[in-house]
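Numbers here are sequence positions counted from 1. Heavy-atom basis, side chains included; hydrogens, waters and symmetry copies ignored. Just so you know, ligand 1 is whichever comes first in the structure, and atom 1 is the first atom listed for that ligand.
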Amino acid sequence: MGARLLRGGGLVVFPTETVYGLGARAFDPKAARRVYRAKGRPADNPLIVHVASEEQLLCVVRRVTPLARRLMKAFWPGPLTLVLEKARELPPAVTAGHRTVAVRMPSHPAALALLRALGEPIAAPSANRSGRPSPTAAEHALKDLKGRVPLILDGGPCRKGLESTIVDARGRRPVLLRPGTITTQALARAAKSAVAAPGRRAPPAPGGRHRHYSPSCRVVLVSPSLLRRSTLPGLHPPSAGLVCRQDWNGSRPIFLKHLSGNVSAYARGLFAALREAESAGVKTLYVETVADRGVGRAVMDRLRRAALRDSGQ
Ligand code: TXA
Ligand code: MG
């Protein structure tokens with residue numbers, strides 16, 4: 001059913017281990033444009049292409065660098081996206097006119113099954129309306145895209161809960177474009193090389209420029225040490241909410257989400273918590289920060305953007 005829809009130029013929401021994707025046949029430029037419309041996504045923000053095999057990979061890239069090989073061997077299938085030079089045949093609508101393509105092999109069985117049934121690569125950004133938190137459950141995609149997509153495949157909650165790590169793998173050193181659950185340390189080990197930060201001429205990962213991952217409420221970040229004092233002046237307003245890892249002993253806000261466990265567990269529950277807070281009518285949401293290292297780096301990247309207060313996209 002999913003593959004048939006894609007073949008006919010339709011869109012399909014499907015689960016991956018990171019977040020849900022809004023898929024279209026990668027070699028169908030009209031379908032790619034439908035993706036931008038359904039998401040309300042600016043046309044200059046390229047899509048990620050998903051593949052299930054080396055054969056599908058070779059259809060979308062011009063060449064696979066030795067660095068990409070090492071990273072693929074270590075992390076595919078899994079939450080790593082590689083930026084490589086694109087194949088000439090890949091429609092510019094998918095890459096927003098860039099000469100590069102972002103490509104990954106997801107590990108979720110439903111995603112792999114869909115790719116295999118179609119027999120071709122699938123272009124898929126996260127299945128949220130542009131600027132909103134990425135969907136980590138089918139209901140989230142339904143909330144954002146109801147009436148805009150004919151099919152949502154429900155694979156339950158996503159195992160990782162944050163979008164893939166994106167690495168420019170065209171050169172000899174990996175360049176980190178978006179932190180994710182694959183850490184810089186793990187990348188460096190697999191690449192046998194230090195990880196570089198993007199230079200000024202790096203390809204844009206436009207998520208970096210605007211407010212993003214944002215629920216409709218205002219997001220305010222609070223440090224663990226501040227929370228330990230159990231008083232937050234701002235928590236007095238009746239419409240305040242709190243997402244935290246530690247126990248909260250202060251006055252009870254209208255929404256309280258306690259995500260206990262390690263930072264990966266926090267990452268897994270975070271986007272769902274932002275959406276729950278919004279549904280609970282929270283106007284100001286306080287979110288506990290984590291140390292900016294390892295998986296925490298990706299968590300803080302998303303939280304800082306959720307808390308930005310420009311108009312976004
Ligand atoms: O985990 C994920 O990556 C999920 C699942 C569905 O695979 N997808 C996802 O897609 O997060 P999206 O579209 O929400 O984010 C893709 C990011 C954007 O920030 C985009 O700018 C960047 O990838 N990107 C895409 N093509 C690129 C390219 N050629 N060079 C640099 N960045 C690129
Ligand atoms: Mg996205």
Problem - OG-NZ distance between Ser107 and Lys160, expressed to the nearest 0.5 angstrom - result: 7.5 Å

Handout entry: Salt bridge Arg104-Glu163, side-chain N to carboxylate O under 4.0 Å
Key = no

Problem - Within 6.0 Å of CZ in Arg70, more than 12 heavy atoms from elsewhere - result: yes

Exercise for the section: For the Mg ion (ligand 2), decide whether Ser126 has an N, O or S atom at a distance under 2.8 Å. Expected result: yes

Exercise for the section: Mind checking the OG1-CG spacing from Thr181 to Leu80? Nearest 0.5 Å is all I need. Expected result: 9.5 Å

Problem - Which of the ligand 1 atoms, numbered from 1, are nearer than 4.0 Å to a heavy atom of Ile166 - result: 17 (C), 22 (C), 23 (O)

Problem - Lys/Arg-Asp/Glu bridge criterion (N-O < 4.0 Å) met for Asp301, Arg305 - result: yes

Handout entry: Closest to atom 24 (N) of ligand 1 (judged by heavy-atom distance), picking from Pro46, Ala111, Pro198
Key = Pro46

Problem - Any N/O pair Arg41/ligand 1 closer than 3.5 Å - result: yes

Problem - Contact partition for Asp168 relative to ligand 1, non-hydrogen atoms under 4.0 Å - result: neither

Handout entry: Distance filter under 4.0 Å to Thr100 heavy atoms, resulting ligand 1 atoms
Key = 28 (C), 29 (N), 30 (N)

Practice task
Check each heavy atom of Lys160 against ligand 1 and say whether those closer than 4.0 Å belong to the side chain, the backbone, both or neither.
Solution key: neither

Exercise for the section: Ignoring angles and geometry beyond distance, decide whether Thr16 reaches within less than 3.5 Å of ligand 1 through its nitrogen or oxygen atoms. Expected result: no

Exercise for the section: List every atom of ligand 1 that sits less than 4.0 Å from any heavy atom of Val83, numbering the atoms from 1 in the order shown and giving each element. Expected result: 30 (N), 31 (C)

Fill in the blank from the handout: Rounded to the nearest 0.5 Å, the CG atom of Leu145 sits from the CD1 atom of Ile152 at a distance of 6.5 Å

Practice task
Could you tell me whether His50 and ligand 1 have an N or O pair separated by under 3.5 Å?
Solution key: yes

Practice task
Please round to the nearest 0.5 Å and tell me the distance separating atom CG of Leu5 and atom CG of Leu151.
Solution key: 5.5 Å

Exercise for the section: Compute the minimum heavy-atom distance from Lys86 to ligand 1 and say whether it is under 4.0 Å. Expected result: no

Problem - Presence of salt bridge, Glu54 and Arg69, under 4.0 angstrom - result: yes

Problem - Spacing of CG belonging to Asp28 relative to CD1 belonging to Ile122, to within rounding of 0.5 Å - result: 12.0 Å

Exercise for the section: Tell me, yes or no, whether the heavy-atom count around Arg245 atom CZ, taken from other residues, nucleotides or ligands under 6.0 Å, exceeds 12. Expected result: yes

Problem - Min N/O separation Thr18 to ligand 1 under 3.5 Å - result: yes

Practice task
Below 4.0 angstrom from a heavy atom of Arg178, which ligand 1 atoms are there? Numbered from 1 as shown, please.
Solution key: 2 (C), 3 (O), 9 (C), 11 (O), 15 (O), 16 (C), 17 (C)

Fill in the blank from the handout: Check: of Ser164, Ser126, Gly97, min heavy-atom distance to atom 8 (N) of ligand 1 comes from Ser126

Completion exercise
So for Ile48 against ligand 1, with non-hydrogen atoms under 4.0 Å, the contacting part is side chain

Problem - Among Arg297, Arg304, Arg302, the one residue meeting salt bridge (Lys or Arg N to Asp or Glu O under 4.0 Å) with Asp292 - result: Arg304

Handout entry: Glu163 contact mode with ligand 1 (heavy-atom cut-off under 4.0 Å)
Key = both

Handout entry: Thr95 touching ligand 1 at heavy-atom level, < 4.0 angstrom
Key = no

